[in-house]
Amino acid sequence: MKIDQIYNPTEVEAQWYDFWLENGYFRADANSEKQPYTIVIPPPNVTGSLHMGHALFVTLQDLLIRWKRMDGFEALWLPGTDHAGIATQVMVERELAKEGTNRHELGREAFLKRVWQWKDEHGGQIIDQMKHMGASCDWDRERFTLDEGLSRAVREAFVKLYEDGLIYRAERMVDWDVVGQTVLSDLEVDREEEMGKLWYLRYPLSDGSGHIIVGTTRPETMFGDTAVAVHPDDPRYKDIIGKTVRLPLVNRDIPIIADTVLPDPTKGSGAVKITPAHDPNDFECGIRHGLARIQVIDFHARMNDNVPEEFVGLDRYDARKLVVQRFEELGLLDRIEEKPYTPGRSQRTGAVVEPLPMLQWFVKGEPLAKPAIEAVESGRTEIIPAVWKKTYDHFMYNIRDWCISRQLWWGHQIPAWYCDDCSHITVTRHDPTHCEGCNSANIRRDEDVLDTWFSSALWPFSTLGWPEKTVELDKFYPTQVLETGFDILFFWVARMMMMGMHFMDDVPFEKVFLHAMVRDAEGQKMSKTKGNVIDPLHMIYGAQSQDLDPELHAELLRQYPEGVDAQGADALRFTLAMYAAQGRDIKLDVKRIEGYRAFLNKLWNAARFALMNLQDFDAPSYKTFTETWETSADTPFVLNDLSIADRWILTRLNETIASIQTNLDEFSFNEVAQNLYRFVWNDLCDWYIELIKPALYDNSPEGKATRNAAQATLLYTLEAVLRLMHPITPFITEDIWQSLPRAEDAPKSIMIAPFPTARAELAMIHAHDHMALIIELISSIRAIRGETNVKPGVVIEEVFFVTEDAHKKSAIETGAAYIQRQAKATTLTIVDRETGAKIEGVATAMCDGIEIRIPLKGLINIEEELARLNKEIARVDADIAFVSRKLSNEKFVAKAPAEIINKEREKLANYEAERTTLLASLAELKALEASG
RNA sequence: AGGCACGUAGCUCAGCGGGAGAGCGCUACCCUGACACGGUAGAUGUCGGCGGUUCAAUCCCGCCCGUGCCUACCA
């Protein structure tokens, strides 16, 4: 036997990936006649290394792609990576810092060269790691958001949007990262509540008639105040609207204005200081009232020249302290309150963001959002799970213009040139040498680059060759499924929808499947600081304790001080598929991965068993094992020779196939995995293999036909189940499949074999039901054995079945051999009620209307059996009470559907019959006990 | 503050109008010729709380409590 006794994932997974790659099975052909099925990968950051989030999407997308590829589609899974502006630039800047230099010393060109060099050296890591997961991407089509083709697409998109009037440049409040020295989008700013202070400041009225109190969390911005706003309906301030206050410390007069939007009479003092240059709401208010913007804080969060001398150059927080101190000295500090507030912090650097007005490039939201909303509304694109549609709509209906410029060097430099002579802006597809307005040569290119998500937004068509009209674009766009995390619904999905509709005039994908977030077993987000990181590669290949980082993997080390064993990519994939119930967090428990490795070991051993018993398999049908049996009209077995066990497993297989097909269509990956788990372990291993052992071990000439039928059925079932499982667990299925006997013209790999389909002629319900009854009977007898402590080795000599039902009798007769073996019983006798009652001193059970009577004969302890009977009777009594209560309820009888009522009546009758039988046995046993 | 989820066996989660399910864990027995990463049998739940609709509610509706996420506000 060439297969090891224990499944070794690392060994099994070692060779197949290269085999698939070398044979080109991952490649998709744009010229194929087959219907396309396309998924574009959510491009991971080039700086990234594989984490569980990646592992999840690789699993689900590969599952879909492998399934559809087997199912006859031209399946394209288009891979690539994202240049990840900030992340990558920061990485290289850190390197430079270590060398004692920085990007400014290096200069733009040299710096970019350096980043490219870094990318070429390290950028392949994440791709490499995905291969260890078994990802069947078409690697020949791998793209990078900053490669030549995609850069062209970005340039074209920018210029076109500009020409369409959808891109503009404007001064806007932006969230400035004072450490990262860049503008952040709303989505790059984290907001978490902290304790802060609210200062109430007195601003004296210019005419000396008193003062007005304003509350502020940012006293240092008062130098930039250009108004105080109150609500026109606020009686406290009605009379002073239109007057001016003299701004302390600078002695500048600013008006008290009435505004209906900003001031809330119920909050604070009801009066608000307006600083248009340093607060987004004040900025808007400033526009409403034509107020000047006085910037007082610079890009490094220091006070600039627009403040009194003693404040110039101070950090904003030092300035705050000093302002408060001066106000206090002047008797203008009214009071201080403690108040929770939520500062914006840069996701990258953690610095509190400074809102500042800056000239930025924007993409208009509304006109682009409209078609994208309609596309989802009309069902052209379906969002799964549907709950996310609400979130999508909410974002789209309230969309804000998208700030796309970033003050970085690594990225797509904005194709805009400014003229020093006439201030005309030139935006073109080819780099200009002269100003379009005045033909001057004094033009400068915009220094900024585009937001990384701008290029990502074009991903579904830029990767297929757009703006060229390529065959790929024609064949594979729109894509069928976008599979990604809900956390980037806005960042990415919504923007792809907008760009797809605008540039391609069609949706980028027909379905969006949003998967859950992978968290640790406690539901915490995995993070370095929490030390709860589980590395997919550690799960796949195992990790010794010394390989684990005491900080990063603290949790794992606590659970596994010795390190973790290799579980294999298949077990990890199976686990993630099992966890992928829609709309939930995934709380990953390593124990569960181990559980599914055990499952794969079970499959492994089932295959081992099959191979051990197939060595001389030479049924005539063997020859027809070519393209796979099910697609040919022939069956691989002689139907007449099939046992009821064979028929039962084939019927169960058929049901399983149908169920898996449905669940795959509905993205219910957990159901798919669960169906497989149950079929393989419970049906195939626990029952079928056990049931056919006698047939397989029978080498006599008379047994040949039955044996062949069992061999054929076992092989057929195993082979089908491997193909069913292949999308989830590609390695082990290929490995086993390759060692199965098959004809020369069979496919070379399971991954290009067809996906199983249910076959009507293999749904053999009648035999299936007979076998199902036999299984129930065996279970009942085993239950008696178990509960009365009959040792596993002990054989029961006689078992009587009391039934007068012809079908049941025939089932028992056909299945007698199974019962004898599985329940360890020798003589089985079917008797009528009268005869049955005469057999005294028995252990009794009711099973589907059949009474099982086992004479005690010293093998069953009377006391144990009495205890068991009493338990059974108590159960039946409870059942009877429950059903009678229902049936004696007049309203139930009057209103419930007849079908339900009949069912309840039938149940009651059965319970009562069962009770009678059990009571009789009880009485009998008690008599026996008394007699000694 | 508003919105959206979620609260089911010790743990992780399915189920979502007709008497509660799985895996892991647990208990007892068993190394039976694929597998001890195994087999057979078994125990375990006021299905978060309170009301309502219904003949019938874990499932539908309302309120409350708890958890998480999103959006907004924060003078």
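FYI, side chains are in, hydrogens and waters are out, and symmetry mates aren't considered; it's all heavy atoms of this structure. Each chain gets a letter, A, B and so on, in the order its sequence line appears, and its residues count up from 1. What you see is a predicted model; the values in this text were computed from it and never measured.
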When rounded to whole Å, the CZ to P distance for the pair A:Phe599 and B:rG23 reads 12 Å

key: Electrostatic pair A:Arg707-A:Asp698, nearest N-O below 4.0 angstrom   = no

- Message: Tell me whether the rings of A:Phe327 and A:Tyr203 are parallel (<30°), tilted (30 to 60°) or perpendicular (>60°).
- Response: tilted

With a cut-off of less than 4.0 Å, is there a side-chain N or O of A:Asn281 near OP1 or OP2 of B:rC74? yes

Pair A:Phe669 + A:Phe513: ring centers closer than 6.0 Å:
yes

Checklist line | Donor-acceptor pair under 3.5 Å, A:Tyr911 side chain vs B:rG19 base | finding: yes

Considering only heavy side-chain atoms of A:Arg782, the closest of B:rC35, B:rA41, B:rC24 is B:rA41

Closest of B:rC37, B:rC24, B:rA72 to the A:Arg597 side chain is B:rC37

Looking only at B:rC55, B:rU40, B:rC70, the nucleotide nearest the A:Phe892 side chain is B:rC55

- Query: Base, sugar-phosphate, or nothing: which does A:Ala896 touch, judged by heavy atoms less than 4.0 Å apart?
  - Reply: base

Name the nucleic acid region contacted by A:Ser269, choosing base, sugar-phosphate or nothing; use a 4.0 angstrom heavy-atom cut-off, strictly under.
nothing

If you look at every strand shown and take non-hydrogen atoms under 4.0 Å, does A:Leu600 touch a base, only sugar-phosphate, or nothing?
-> nothing

Lys/Arg-Asp/Glu bridge criterion (N-O < 4.0 Å) met for A:Arg597, A:Glu594: no

Note: for A:Arg785 and A:Arg218 on RNA chain B, the residue whose nearest nucleotide lies more 5' is A:Arg785

**Message:** Using a 6.0 Å cut-off, check whether atom CD of A:Glu863 has over 12 heavy atoms from anything other than its own residue.
**Reply:** no

Against the side chain of A:Leu262, the closest entry in B:rU71, B:rC35, B:rC74 is B:rC74

A:Phe599 side chain near A:Thr575 side chain, heavy-atom distance below 4.5 Å = no

Under 4.0 Å from OP1 or OP2 of B:rC55: is there any side-chain N or O of A:Lys895 that close?
yes

message: If I pick the C1' atom on B:rU58 and the same atom on B:rG18, what distance separates them, to the nearest angstrom?
response: 13 Å

query: Is there a donor-acceptor pair closer than 3.5 Å between any side-chain N or O of A:Tyr911 and the backbone N or O of A:Ala878?
result: no

Item to complete: Check every strand shown and say whether A:Val893 touches a base, only sugar-phosphate, or nothing at a heavy-atom separation below 4.0 Å.
Response: nothing

- Please say whether more than 12 non-hydrogen atoms of neighbouring residues, nucleotides or ligands are located less than 6.0 Å from CD in A:Glu906. no

Of the listed B:rC74, B:rA34, B:rG39, the closest approach to the A:Met612 side chain comes from B:rA34

Rounded to whole Å, CZ of A:Phe395 lies from P of B:rC69 at a distance of 20 Å

From CG of A:Asp393 across to P of B:rG3 the rounded distance in Å is 17 Å

- request: Pick the C1' atom in B:rA34 and in B:rC24, then give their distance to the nearest Å.
  value: 23 Å

> Salt bridge between A:Arg915 and A:Glu912, side-chain N to carboxylate O under 4.0 Å?
Replying inline: no

Testing B:rA34, B:rG38, B:rC35 for proximity to the side chain of A:Ala598, the answer is B:rG38

Out of B:rA34, B:rC30, B:rC55, minimum distance to the side chain of A:Lys791 belongs to B:rC30

Next item on the list: Determine yes or no for a side-chain-to-main-chain donor-acceptor pair under 3.5 angstrom, with A:Arg821 supplying the side chain and A:Lys693 the backbone.
Entry: no

Students often get this wrong, so: under 4.0 angstrom with heavy atoms, is A:Lys389 touching a base, only sugar-phosphate, or nothing?
nothing

Determine the contact category for A:Gly793: base if any of its heavy atoms lies under 4.0 Å from a base atom, sugar-phosphate if only primed atoms, P, OP1 or OP2 are that close, otherwise nothing. nothing

Per atom distances to the A:Asp879 side chain, the nearest of B:rG18, B:rC30, B:rG19 is B:rG19

Rounded to whole Å, the NZ-C1' distance (A:Lys693 to B:rG39) equals 10 Å

Is the distance from OP1 or OP2 of B:rG39 to the nearest side-chain N or O of A:Lys602 less than 4.0 Å? yes

Any sub-3.5 Å donor-acceptor pair from A:Arg678's side-chain atoms to A:Thr656's backbone N or O?
no

A:Arg821 atom CZ is separated from B:rG33 atom C1', nearest whole Å, by 10 Å

Assert: residue with more 5' nearest nucleotide on RNA chain B, out of A:Trp687 and A:Lys886, is A:Lys886

Between CG of A:Leu676 and P of B:rA22 the distance, given in whole Å, is 19 Å

Using a cut-off of 4.0 Å on non-hydrogen atoms, how would the nucleic acid contact of A:Ala823 be classed: base, sugar-phosphate, or nothing?
nothing

Phosphate contact (B:rG18 OP1 or OP2) by A:Lys907 side-chain N/O below 4.0 Å = no

Please answer whether B:rG33 and A:Tyr697 are stacked, defined here as ring centres separated by less than 5.5 Å and planes angled under 30°.
-> yes

Closest of B:rA34, B:rA41, B:rC24 to the A:Lys591 side chain is B:rC24

* Asked: Under 4.0 Å between a side-chain N or O of A:Gln5 and OP1 or OP2 of B:rC35?
  -> yes

**Message:** Base, sugar-phosphate or nothing for A:Asn789? Non-hydrogen atoms, less than 4.0 Å.
**Reply:** nothing

Check whether any side-chain N or O of A:Trp388 sits under 4.0 Å from OP1 or OP2 of B:rG3, and answer yes or no.
no

P atom, B:rC16 versus B:rA43: distance in rounded Å?
26 Å

_Under 4.0 Å, counting only non-hydrogen atoms across every strand here, what does A:Ala610 touch: a base, just sugar-phosphate, or nothing?_
nothing

Is the ring of A:Trp604 stacked on the base of B:rA34, with centres less than 5.5 Å apart and planes under 30° off?
no

The dot-bracket string of RNA chain B, counting Watson-Crick and G-U wobble pairs with both distances under 3.5 Å, using [ ] for crossing pairs and | for pairs to another strand, is ((((((((.[[[[.)..(..]]]].(((((.......))))).....[[[[[..)....]]]]])))))))....

Interatomic distance at P, B:rG45 relative to B:rG21, whole Å: 13 Å

Which of B:rA34, B:rA43, B:rA36 is nearest the side chain of A:Glu690? It is B:rA34

